[in-house]
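Every heavy atom of this structure was used, including side-chain atoms; hydrogens, water molecules and symmetry mates were not.
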Amino acid sequence: MSRDLFQFTRPSYSGGKPGQECVEAATNVRAVVAVRDSKNSSGHTLIFGAR
């Protein structure tokens with residue numbers, strides 16, 4: 001699955017000020033949630049699927 005498919009957003013409970021963010025989540029792909037570190041958006045992405 002290509003990382004380009006995901007549209008990441010930063011949840012409001014994830015800090016909010018520059019340097020405080022910790023996660024971004026993408027829920028735009030059916031049956032999948034992707035999570036990444038907002039300070040290293042080009043790093044690894046965790047992908048969780050429905051079972």
Side-chain angles (χ1 to χ4, degrees):
M1 183 171 291
S2 173
R3 288 174 45 146
D4 297 331
L5 294 174
F6 299 114
Q7 297 171 359
F8 287 93
T9 59
R10 191 169 297 136
S12 60
Y13 55 81
S14 184
K17 296 180 183 175
Q20 288 185 332
E21 299 86 7
C22 56
V23 298
E24 294 176 326
T27 58
N28 63 301
V29 177
R30 184 177 170 95
V32 173
V33 174
V35 180
R36 69 181 182 187
D37 182 346
S38 65
K39 290 180 248 170
N40 184 14
S41 60
S42 63
H44 295 288
T45 299
L46 299 174
I47 300 172
F48 300 92
R51 283 192 145 187

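Without hydrogens or angle criteria, Asp37 side chain to His44 main chain gives no donor-acceptor distance under 3.5 Å.
In plain terms, the two heavy atoms of Phe6 and Ala26 that are nearest each other are CB-CB, 3.7 Å. Residues Ser41 and Arg36 come closest through the heavy atom pair O-NH1, 3.5 Å.
Checked against Val32 for a side-chain contact (heavy atoms from CB on, under 4.5 Å), the options Leu5, Thr27, Ile47 give a single hit: Ile47.
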